[in-house]
Number of protein chains: 2
Amino acid sequence: MTKPAHLTTTSQPIYDSLRDEILSGAIRPGEPLRQDEIAKRHGISKIPVREALLKLEADGFVLFRKNRGAMVRELSAAELLHLMDIRVALECKALELAIPNMIQSDFDVMHALLKQYAEVETVEHWSSMNQSFHNALYEPCGNAQLLDMIRDIQQRMGPALRLLMTEASGLDRPNEEHHAILSACESGDVTGAVDLLRAHIETSKKETAARLRRRDTV
Amino acid sequence: MTKPAHLTTTSQPIYDSLRDEILSGAIRPGEPLRQDEIAKRHGISKIPVREALLKLEADGFVLFRKNRGAMVRELSAAELLHLMDIRVALECKALELAIPNMIQSDFDVMHALLKQYAEVETVEHWSSMNQSFHNALYEPCGNAQLLDMIRDIQQRMGPALRLLMTEASGLDRPNEEHHAILSACESGDVTGAVDLLRAHIETSKKETAARLRRRDTV
DNA sequence: ATGCTACAAATAGTATACGAATTAGAAGAA
DNA sequence: TTCTTCTAATTCGTATACTATTTGTAGCAT
């Protein structure tokens with residue numbers, strides 16, 4: 001999904017570069033992506049640029065309009081919350097499948113990740129730590145396609161969430177919940193862990209919704 | 001996902017045509033897709049053909065290999081079963097979200113669909129009926145992105161399942177389960193309906209797995 | 001001054017062309 | 001005969017070039 005980039009070397013760096021710029025917010029939602037300009041900037045022709053943009057469209061990052069090229073896609077508040085519902089479905093299923101496959105080294109990795117939470121400073125760092133822990137939870141599920149979809153969804157939410165997180169209240173609540181989920185996994189309690197994870201994501205969703213409401217009314 | 005085809009008119013018909021040929025089995029898994037040949041056949045240049053192929057790659061229907069072009073992607077048995085797990089997750093979530101939004105006209109549509117089951121003859125017809133009923137179940141969920149993903153998964157499984165279904169034993173079991181699910185929806189029993197749906201898809205998965213095993217050992 | 005038309009600039013989309021890589025086949029050696 | 005190696009023919013990937021659509025601007029009329 002995200003990975004099997006067609007290996008045609010020329011468009012791959014363009015794709016990566018544009019994707020990073022969108023995810024980091026360097027290119028703002030709604031901003032048009034000029035093919036000639038990008039091509040010139042990278043010293044190549046438009047063709048690989050178009051291919052990179054098409055791939056970004058397939059990933060949901062940009063939007064094409066007939067004869068008007070590509071623009072960075074803006075996620076509406078509703079779409080963001082809808083993606084959260086999809087996260088609940090996919091991530092709970094992944095965890096359910098993963099727990100029976102977990103071995104000690106998996107738990108070790110996750111504990112190590114949780115320890116590092118104390119030292120996070122920037123929002124970006126926290127966000128990537130968070131993603132790492134969640135991915136570590138799901139990784140043993142053995143379903144590569146499911147893992148791909150989860151990564152896709154997380155990334156699609158990225159730019160929008162990054163903005164909201166700047167006004168995030170506390171990091172303690174998610175941290176505690178992560179520990180609880182990990183404990184349930186270690187005791188092999190599948191339904192318990194899944195219920196905790198579901199509640200974890202649902203709470204995030206509600207907080208996000210609240211922040212969105214607040215921002216929209218301001 | 002599937003729909004927001006970039007509206008550049010030239011590659012759209014190519015995409016549709018190739019997609020149909022793959023879904024219908026006219027182009028077999030593993031078969032290479034020659035860009036020049038397709039371009040000549042449609043009287044256009046390679047560029048829109050490549051764009052169509054890249055879109056098909058993003059949808060998971062074809063696979064690109066460096067300097068060797070695109071070939072129709074073959075789903076392994078394991079991948080097929082993995083997609084079934086994803087179906088369970090996504091479709092159960094969609095149904096859960098849909099039931100509170102269902103109104104009488106939704107139920108009417110679903111009953112009408114189930115009545116038509118008696119008259120199906122070909123495997124293709126049954127398959128499309130089946131998909132229609134499932135989609136009708138999820139449609140009221142109000143989450144367009146989720147519906148898109150469900151359609152995507154169903155289509156990706158299409159070609160592989162079509163083959164297996166030819167040796168399908170009975171159509172009665174799924175039909176009865178569909179009635180049971182619909183009843184639960186009508187009485188507003190969310191968890192009951194979702195449990196029935198989960199069992200319904202899980203059973204399909206097990207039957208598919210059994211058929212795959214049988215075929216592989218033969 | 002404001003709104004409309006006509007023209008010019010910019011930008012997207014696609015055809016053509018070409019270099020690079022792969023594949024196929026033929027010729028020669030073991 | 002069978003395996004290697006070299007050459008020829010495909011086929012891919014991308015640069016260049018051209019057309020068409022869109023956007024911006026100036027001039028005109030109201």
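A note on names: the letters A, B, ... follow the listed sequences, proteins ahead of strands, and every chain is numbered from 1.
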> Which parts of nucleotides 17-25 of chain D does protein reach within less than 4.0 Å, heavy atoms only, written one letter per nucleotide 5' to 3' as B for base, S for sugar-phosphate only and - for none?
Replying inline: ----SSS--

>> Checking B:Ser45 now: which residues fulfil side-chain contact (heavy atoms from CB on, under 4.5 Å) with it, not counting sequence neighbours?
In response: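 For B:Ser45 the side-chain contact (heavy atoms from CB on, under 4.5 Å) partners, ignoring immediate neighbours, are B:Ile47, B:Pro48.
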
> Who passes side-chain contact (heavy atoms from CB on, under 4.5 Å) against A:Ile38, sequence neighbours left out?
Replying inline: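 Residues passing side-chain contact (heavy atoms from CB on, under 4.5 Å) with A:Ile38: A:Ile14, A:Leu18, A:Leu33, A:Arg41, A:His42, A:Val49.
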
What is the separation between atom [atom1] on [X] and atom [atom2] on [N], rounded to the nearest whole Å?
{"X": "A:Lys55", "N": "D:dG13", "atom1": "NZ", "atom2": "P", "result": "14 Å"}
{"X": "B:Ile14", "N": "C:dA15", "atom1": "CD1", "atom2": "P", "result": "9 Å"}
{"X": "A:Glu51", "N": "C:dA12", "atom1": "CD", "atom2": "C1'", "result": "16 Å"}
{"X": "B:Arg65", "N": "C:dA20", "atom1": "CZ", "atom2": "P", "result": "23 Å"}
{"X": "B:Leu33", "N": "D:dG13", "atom1": "CG", "atom2": "C1'", "result": "16 Å"}

side-chain hydrogen bond (donor to acceptor under 3.5 Å, both in side chains) against [X], all qualifying residues, sequence neighbours excluded:
{"X": "B:Ser105", "value": "none"}
{"X": "B:Asn101", "value": "none"}
{"X": "A:Arg68", "value": "none"}
{"X": "B:Lys205", "value": "B:Asp85"}

> Can a side chain N or O of B:Ser45 be found less than 4.0 Å away from OP1 or OP2 on C:dT14?
Replying inline: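 B:Ser45 to C:dT14 OP1/OP2: no side-chain N or O under 4.0 Å.
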
> Is the distance from OP1 or OP2 of D:dC12 to the nearest side-chain N or O of B:Arg50 less than 4.0 Å?
Replying inline: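 It does not, given that no N or O in the side chain of B:Arg50 lies less than 4.0 Å from OP1 or OP2 of D:dC12.
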
Atom pairs under 3.5 Å: protein N/O with N/O of nucleotides 8-10 of chain C:
none

> Just checking B:Leu53: base, sugar-phosphate only, or nothing, at a heavy-atom cut-off of under 4.0 Å?
Replying inline: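 No contact.
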
> At under 4.0 Å between heavy atoms, what does B:Ile38 touch on the DNA or RNA strands: base, sugar-phosphate, or nothing?
Replying inline: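 The residue B:Ile38 makes no contact with any strand.
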
> How would you list, by chain and number, every residue that makes a ring pair (Phe, Tyr, Trp, His ring centres under 6.0 Å) with B:His200, sequence neighbours excluded?
Replying inline: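 Testing B:His200 for ring pair (Phe, Tyr, Trp, His ring centres under 6.0 Å), a comparison that skips the adjacent residues, returns B:His134, B:His178.
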
